[in-house]
Every structure is written in C-alpha cells, then in structure tokens.
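These figures come from a predicted structure and were not determined experimentally. To find a chain, count down the sequence lines: A is the first, B the second, and so on, and within it residues start at 1.
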Protein chains: 2
Amino acid sequence: MEKGAIGPQKLRELIRDVPDYPKKGIVFKDITTLIKRGDAFDEVINIFLEKCKDRKIDLVAAVESRGFIFGGALANRLKVGFIPIRKFGKLPAQTVEQKYDLEYGTDTLEIHKDAITPGQKVLVVDDLLATGGTIQATCKLIEKLGGEVAGILVMIELGFLNGRDKLKGYDLFTLIRYE
Amino acid sequence: MEKGAIGPQKLRELIRDVPDYPKKGIVFKDITTLIKRGDAFDEVINIFLEKCKDRKIDLVAAVESRGFIFGGALANRLKVGFIPIRKFGKLPAQTVEQKYDLEYGTDTLEIHKDAITPGQKVLVVDDLLATGGTIQATCKLIEKLGGEVAGILVMIELGFLNGRDKLKGYDLFTLIRYE
C-alpha cells in the first residue's frame, strides 16, 4: 500500500462508470472498483471519521445494502453501535415504517422500534445521494424514534438530481460530487 | 462503554430470539440488538481480527445484506479491500454466477469478474451459517476467479442445520453456535 497516494481525485478515478445500468441511458457509478482497494476504502472511512471529530455520535445508521459496507466500517472505527435501515419486511422484530417516493410509485423503509433511545445522536451514512428519497426517509425514521440526526455522510452525490434540496436543515457532507 | 464487560456469553445474551420469523415455527436469531451496542459490535470484530493473525489476507468478501456490516468493518480494520457478493442482477458490471439450493428451488449469487486477481487470498465473513448454501456458493465464486479462500468467519452457527458439512476443507470459525 502506497502511503499518501490516495486523494479525492484518485478516489474519483477509482469509481467505474457502467453505462445502461440499471436501465438504458443511465450511467451507474460503481464503487466496487474503489472499495476493493484497501487503501482507497480506508481513505473514504478516514475522511468520514475526520468529519465526525468534535461531534457527539451515539450510533451510525445506514440503508441496505451498499450503505451497510460504509456504515459498518465507520461505526466500528467510531466504536459506536450500528443500526440497519431496511426495505419493508426485512427486519424481524417490531418496526416503524416510512414511505418515500420513487420515480414511479413509492417504496417503504423500516427501522426496529427499539433501535434508538430518545435523545441519541445518530449519524447517517450512505454510498449515494441521488434524488434524496431514501436518505430523507432514513432521517424521518430516526426522528420518529426520538433520535437526533447528528449528520449525513455520503460517498457520491449526483448533483444534477438535486437530492440535497430534500435534506435542508441537516449537516450534509458528500465526498465526490458529479454535476 | 464498560471495558472488558463483553465476553462470548454476553454476546449470546444480546442476540434476540424472534419467534415465527421469517415464517411460522422458525425462531430467528436477530443480531440487531447486539450490533446496536458499540462495545458488543467491536468485540465481535476484535474476535474476528484475532482469528486473522498470522494469516495472509488480501481481501474480505461478504454476501448481502447483513454480511456487509461485519465484512465492511473487518476489511477496514484489516486495511484490505472489500468484495460484495450479491443476489442476481444487483451488481452493475460483468459477473460470474453461482447457483445454490434453497429449501425449495434455487437462487443465484454473483461476483464481479474483476473483483479478484488470481492468487489473492480472500477471507469470507458472514453473520449466519444456516444450511451453508450461500457460504459454499461464495467460496465457489472466489475460486472461479482464481482466488484462494483464506478462511471463513461467521457470527452465528445454527448447528442443527449441519451447514458445516458443506464447508469441509475450509478453515471455518463460528463465534456463537446453537445446537
């Protein structure tokens, strides 16, 4: 591993463009080519950790599935607990639900009712900010349980989808932004 | 966080039994009650790290979704890359596939073709060893790409399902076993 060889530009280069996925005309930003490099994955987590400095964080929450990779790693580096937010029907115990809009129709996210103690400060981590629907729903779920969103850290922002507009009032950081 | 308060017995107590999930008669072992405690989640990762000592590991691979939480954390603590193994259709680029048997029917897992360089040593991490089908398929995918399975670390083993029998020849460690 070359020390110090990874910076924001290198991270950007390690993301792969996959044309026509998940459907024709969409260019998918594939992070698997980045996280398969230990130094690059670590650099992302280190940048996220830096953003957590001087901030009280009790828990990290992330949405399945890719969010779990970054959320699990960051929670463990912060030595705090991890809260999975999942698609409807995937969590085994009692949940609270939140609907959110898709391009066509709606989807539902869930959190376990006992995941958060009121007053806990919860950091939201995700790989992608697109339209902002899932991250907004995640914040609502945290707040429904009396938690406080301590911040939102995201690896990639698709700026042209204006997801940021849905997250006004939150402390949002995105590592790599595509205009 | 109480230092040193977490041991194998305490970890076991933190796992929640959810009756009749995902279907009637099944008692689901819910790990969300364990990983929401930072000290307990860290203890699991520390035990896994201890098992990696004196072992050459180039990559960590895990299956979606819960496997990503442990796999992401462990990869980052080891400072190696992370390889996601996903259900059919979820990986954007060129993949290799592996079918495996379910109770009724079959399912398919995929790995990106360029995830592993031949000769790389890949550690497999998962939350659950049940019938062993998904972990066996994961090992086959790694080997199809010329990788070497450096070991398998699992949080919970449902011993009565005999999944271990499918993984003979691999170096398998399970943290908590239910007979």
Group every Ile, Leu, Val, Met, Phe, Trp and Tyr by side-chain heavy-atom contacts under 4.5 Å, then state whether A:Val125 and A:Phe82 land in the same group.
yes

Determine which residues belonging to residues 55-77 of chain B lie within contact range of chain A, meaning some heavy atom pair is under 4.5 Å apart, and list them by number or answer 'none'.
B:Leu59, B:Glu64, B:Ser65, B:Arg66, B:Phe68, B:Ile69, B:Gly72, B:Ala73, B:Ala75, B:Asn76, B:Arg77

Spacing of NZ belonging to A:Lys36 relative to CD1 belonging to B:Ile83, to within rounding of 0.5 Å:
6.5 Å

Is it the case that one hydrophobic cluster holds both A:Ile47 and A:Leu49, taking links as side-chain heavy atoms less than 4.5 Å apart, direct or via other members?
yes

Single-linkage hydrophobic cluster A:Leu167~A:Phe173, side-chain heavy atoms < 4.5 angstrom
no

Tell me whether A:Val44 is reachable from A:Ile6 by hopping between hydrophobic residues (I, L, V, M, F, W, Y) whose side-chain heavy atoms are closer than 4.5 Å.
yes

For residues 138-166 of chain A against chain B, heavy atoms under 4.5 Å, the residues are none

Inter-chain contacts: residues 13-35 of chain B against chain A, heavy atoms under 4.5 Å:
B:Arg16, B:Val18, B:Tyr21, B:Phe28, B:Asp30, B:Thr32, B:Thr33, B:Ile35

Applying a criterion of heavy atom separation less than 4.5 Å, what residues of residues 114-121 of chain A form contacts with chain B?
A:Asp114, A:Ala115

Checking B:Pro84 against chain A: side chain, backbone, both or neither under 4.5 Å from a heavy atom?
side chain

Rounded to the nearest 0.5 Å, how far apart are CG of B:Leu78 and CZ of A:Phe41?
11.0 Å

Grouping I, L, V, M, F, W and Y whenever their side-chain heavy atoms are under 4.5 Å apart, do A:Ile111 and A:Ile135 come out in a common cluster?
yes

